[in-house]
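Working notes for the structure below.
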Amino acid sequence: MKDFKIYNTLSGNKEVFKPIKFDSVKMYVCGPTVYGEPHLGHARPAITFDILFRYLKHLGYKVRYVRNITDVGHLLNDADEGGDKIGEKAKSLQLEPMEVAHFYTKKYHDAMSKLNVDSPSIEPTASGHIIEQIDMINKIINNGFAYEVNGSVYFDVVKYNQTNNYGVLSGRNIEDLMDNTRELDGQSDKKNQVDFALWKKASPEHIMRWSSPWGDGFPGWHLECSTMSCKYLGDEFDIHGGGMDLIFPHHEAEIAQCCAANKKSAAKYWMHNNMITIGGQKMGKSLGNFITLDEFFNGSHNKLKQAYHPMVIRFFLLQAHYRSTIDFSNDALQAAEKGLVRLFNALKTLNNLNPKQHSTIDISDFELKCDQAMNDDLNTPIVLSYLFDLVKIINSVNEGKQDLSIDDINKIKALTHKYVINIFGLSNITQETNSDSIDGLMKLILEIRNTSKINKNWETADKIRNTLNELGIQIKDTKDGATWNYKN
RNA sequence: GGUCGGAUGGCCGAGUGGCUAGGCAGUGGUCUGCAAAACCAUCUACACCGGUUCGAAUCCGGUUCCGACCUCCA
């Protein structure tokens with residue numbers, strides 16, 4: 001437990017993880033804005049931090065994991081007007097904004113559930129914490145780090161930076177930011193371009209709005225995470241996670257808000273997953289190449305050659321380290337699918353191995369090696385490589401080329417269950433039959449085929465094999481007779 | 001333009017100053033009436049140019065290319 005290292009964006013180094021309270025961990029991860037179909041980009045942080053959540057629990061910590069739902073329509077463009085995503089969607093569909101948010105929240109939950117992402121401990125919504133956000137704004141104003149103009153409230157970054165470091169996380173310095181920030185393309189109420197909104201006055205046509213001491217409006221787009229993490233995890237908590245694209249400005253602003261309000265910088269460890277690409281290209285709304293999770297699951301996108309089981313996507317993501325970019329392509333996904341099937345076939349084989357008196361192969365250090373890989377900043381691809389070494393061993397034993405004792409078989413069972421099922425959250429994608437009548441039918445058909453084979457009636461035997469194949473059922477002739485399974 | 005990261009074999013993707021990552025594909029084999037499946041074995045590598053070192057894919061410098069953020073995004 002003491003050797004668990006994670007990469008902290010704050011320091012730029014791997015650090016030994018030490019929770020603030022010895023036996024419990026408090027973590028916060030930025031969740032989705034629910035205005036559109038959940039897509040591949042949502043899967044990466046969800047799965048990365050699901051693995052972390054599971055691993056921390058496995059290490060024996062009590063974990064409180066908070067992941068928000070952003071259901072407040074923040075401005076598309078912080079500079080001035082521009083619509084908000086949820087509001088725009090609601091207008092175009094002629095729906096109440098909360099109908100839009102609810103619809104996509106449900107879709108997100110469905111997709112996460114298919115990916116076997118565990119539900120976090122708390123999943124708060126931004127709209128449910130308007131009062132808390134207003135309170136936090138007041139704190140920041142009272143501490144002198146925010147100002148009100150025309151019904152909007154802005155964070156005074158320049159003033160904040162005199163006593164704090166705006167840029168601790170992202171490594172930016174304020175002078176560069178001042179130089180680089182674009183010319184205002186409209187009149188802005190902000191004192192400086194680097195300032196960001198804590199509260200925005202709602203224009204008459206803005207449909208998502210709440211009343212506040214500064215008039216009708218809506219909270220700024222960095223505030224909810226600061227507010228909700230403080231509310232449920234305290235002013236100081238252990239881990240804050242999210243995608244790398246959020247480092248600046250979102251997480252930088254969160255730190256500033258928390259310091260300005262509470263004089264404490266919120267999280268001790270900041271963890272960021274890298275992005276995904278599709279065919280080597282960044283996936284993004286603006287590029288129009290994003291593929292929704294549903295499209296992956298049913299193969300309906302024109303860039304996909306087939307449907308991919310959610311577990312294939314999960315497995316595929318685990319084959320890369322979370323801080324590397326990962327490229328999605330049909331070739332890579334098909335490779336992952338085969339690898340996943342092979343892994344689970346071996347686990348099935350493992351249950352039927354004949355133990356011998358002594359093992360001819362030493363498996364004693366596999367668990368240690370797996371643990372070490374996980375402790376090294378969640379190196380899931382290395383763990384998988386060890387698991388595939390075990391696959392090879394299991395198959396060799398099954399072939400009679402190696403022996404394993406009952407003790408060692410049980411050790412392997414425990415180890416694979418711990419990693420494959422509990423920590424990685426994978427499951428078998430091969431369809432198992434669940435119908436007695438199908439089982440009986442197949443048994444009959446295979447018997448008839450076997451009789452044909454004995455009688456050297458190849459025509460009938462092959463017809464059975466080929467027809468079943470066309471129906472999606474694969475016959476496998478083995479030494480011990482024929483078996484069958486559904487093709488994926 | 002500023003800040004940061006990357007370039008690994010046919011594809012994906014780890015890693016590291018000397019010791020085979022792994023998956024998929026390919027090739028060879030086992031099995032089979034034939035095939036498929038399954039299993040076993042195995043080939044292809046570290047962008048380019050210099051430097052440090054007994055030794056570099058791994059460290060340092062330079063070059064080229066790619067990407068991320070700076071603007072909504074996971």
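A/Arg172 comes within 4.0 angstrom of a base, heavy atoms only. Counting any heavy atom pair closer than 4.0 Å across all strands shown, A/Met244 reaches no nucleic acid atom. Among the heavy atoms of the strands lying under 4.0 Å from A/Asp331 are primed sugar atoms or P, OP1, OP2 only; no base atom is included. When heavy atoms are screened at a 4.0 angstrom cut-off, A/Thr277 is found touching no nucleic acid atom at all. Contact annotation for A/Asp462: base contact, defined as any heavy-atom pair under 4.0 Å involving a base atom. Across all strands, A/Asn379 comes closer than 4.0 Å only to sugar-phosphate atoms, never to a base (heavy-atom distances). Within the nucleic acid shown, A/Gly41 comes within 4.0 Å of at least one base atom, counting heavy atoms only. The residue A/Phe316 sits close only to the backbone: its heavy atoms come under 4.0 Å of sugar-phosphate atoms, none of a base. Nucleic acid contact for A/Lys338: sugar-phosphate only, since backbone atoms but no base atoms lie under 4.0 Å from a heavy atom of the residue. Among the protein residues, A/Lys392 comes within range of the sugar-phosphate backbone only, with heavy atoms under 4.0 Å from sugar or phosphate atoms but none that close to a base. No engagement by A/Ile247 is indicated, since no non-hydrogen atom pair under 4.0 Å with the nucleic acid exists. Note on A/Thr483: nothing from the nucleic acid sits closer than 4.0 angstrom, heavy atoms only. Nucleic acid contact class of A/Arg465 (heavy atoms, under 4.0 Å, all strands): base. Note on A/Ile475: a base of the nucleic acid sits closer than 4.0 angstrom, heavy atoms only.
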### Message
salt bridge (Lys or Arg N to Asp or Glu O under 4.0 Å), that's the test. Do A/Lys91 and A/Glu205 meet it? Break it down for me.
### Response
CA-CA 10 Å; A/Lys91 276 184 194 164; A/Glu205 64 274 16; over 6 Å; no

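Residues A/Gly242 and A/Val391 each lie close to RNA chain B; by heavy-atom proximity, the contact nearer the 5' end of the strand is made by A/Val391. Between A/Arg449 and A/Phe315, the one whose closest nucleotide on RNA chain B sits nearer the 5' end is A/Phe315.
Taking the side chain of A/Gln474 as heavy atoms from C-beta on, and the options B/A36, B/C70, B/A21, the nearest nucleotide is B/A36. For A/Lys476, the side-chain atoms get nearest to B/A37 when compared with the rest of B/A21, B/C39, B/A37. Of the candidate nucleotides B/G23, B/C12, B/A14, B/G23 has the atom nearest to the side chain of A/Arg342. Comparing B/A14, B/G33, B/C72 by their nearest atom to the side chain of A/Trp458 picks out B/G33. When distances run from any side-chain atom of A/Asp327 to the nucleotides B/C72, B/G13, B/C70, the shortest one goes to B/G13. Nearest to the side chain of A/Ser329, among B/C11, B/A74, B/G13, sits B/C11. Listed nucleotides B/C72, B/C70, B/G23 differ in distance to A/Lys85; the shortest reach to its side chain belongs to B/C72. Closest to the side chain of A/Ser396, out of B/C70, B/A36, B/C40, is B/C40. Checked against B/A74, B/A14, B/A25, the side chain of A/Ala320 finds its nearest nucleotide in B/A14. Looking at the side chain of A/Asp477, the nearest of the listed nucleotides B/A35, B/C39, B/A74 is B/A35.
Taking atom CG of A/Asn173 as the reference point, atom C1' of B/C69 lies 15 Å away to the nearest angstrom. Taking atom CG of A/Asn274 as the reference point, atom P of B/A14 lies 10 Å away to the nearest angstrom. One can place NZ of A/Lys401 at 14 Å from P of B/G29, the figure rounded to the nearest angstrom. Look at NZ on A/Lys200: it is 12 Å from P on B/C72, rounded to the nearest Å. Here the P atom of nucleotide B/A21 and the CG atom of A/Asp376 are 18 Å apart, to the nearest Å. The nearest whole Å value for the distance from the NE2 atom in A/His251 to the P atom in B/C4 is 20 Å. We find that NZ of A/Lys348 is positioned 13 Å from C1' of B/A37, with the value rounded to whole Å.
Side-chain nitrogen and oxygen atoms of A/Ser324 include at least one within less than 4.0 Å of the OP1 or OP2 phosphate oxygen of B/A14. For the pair A/Asn345 and B/A38, the criterion of a side-chain N or O lying under 4.0 Å from OP1 or OP2 is not met.
A salt bridge links A/Asp477 with A/Lys453; the closest basic N to acidic carboxylate O contact falls under 4.0 Å.
Spacing between B/A35 and B/U27 at atom P, rounded to whole Å, works out to 15 Å. Nucleotides B/C65 and B/U71, compared at atom P, are 26 Å apart to the nearest Å. Comparing the P positions of B/U42 and B/C24 gives an interatomic distance of 15 Å, to the nearest angstrom. Using P as the reference atom, B/G55 and B/C12 are 34 Å apart when rounded to the nearest Å. For the P atoms, the distance from B/C59 to B/A68 is 24 Å, rounded to whole Å. Taking the C1' atoms as reference points, B/A38 lies 12 Å from B/U32, given to the whole Å. Here the separation of B/G61 from B/A56, taken at their C1' atoms, is 15 Å to the nearest Å. Comparing the P positions of B/C72 and B/G18 gives an interatomic distance of 45 Å, to the nearest angstrom.
Side-chain rings of A/Phe196 and A/His222 approach one another, their centers coming within less than 6.0 Å.
Here the side chains of A/Phe49 and A/Asn273 are in contact, with some heavy-atom distance below 4.5 Å. The closest side-chain heavy-atom distance from A/Leu333 to A/Phe328 is below 4.5 Å.
A/Ile394 and A/Leu353 get closest at one heavy-atom pair: O-CD2, 3.9 Å.
Applying the Watson-Crick and G-U wobble criteria (two distances, each under 3.5 Å), B/A37 pairs with nothing in any strand. Pairing for B/G18 is with B/C54, a Watson-Crick or G-U wobble pair whose two hydrogen-bonding atom distances lie under 3.5 Å. B/C65 is paired with B/G6 under the Watson-Crick or G-U wobble criterion, all donor-acceptor distances under 3.5 Å.
With 3.5 Å as the limit, one finds no donor-acceptor pair spanning the side chains of A/Asn398 and A/Ser396. Checking A/Asn375 against A/Lys5 by side-chain atom types alone, no donor-acceptor pair falls below 3.5 Å. Between the side chains of A/Ser127 and A/Asp71, a donor-acceptor pair is found at a separation under 3.5 Å.
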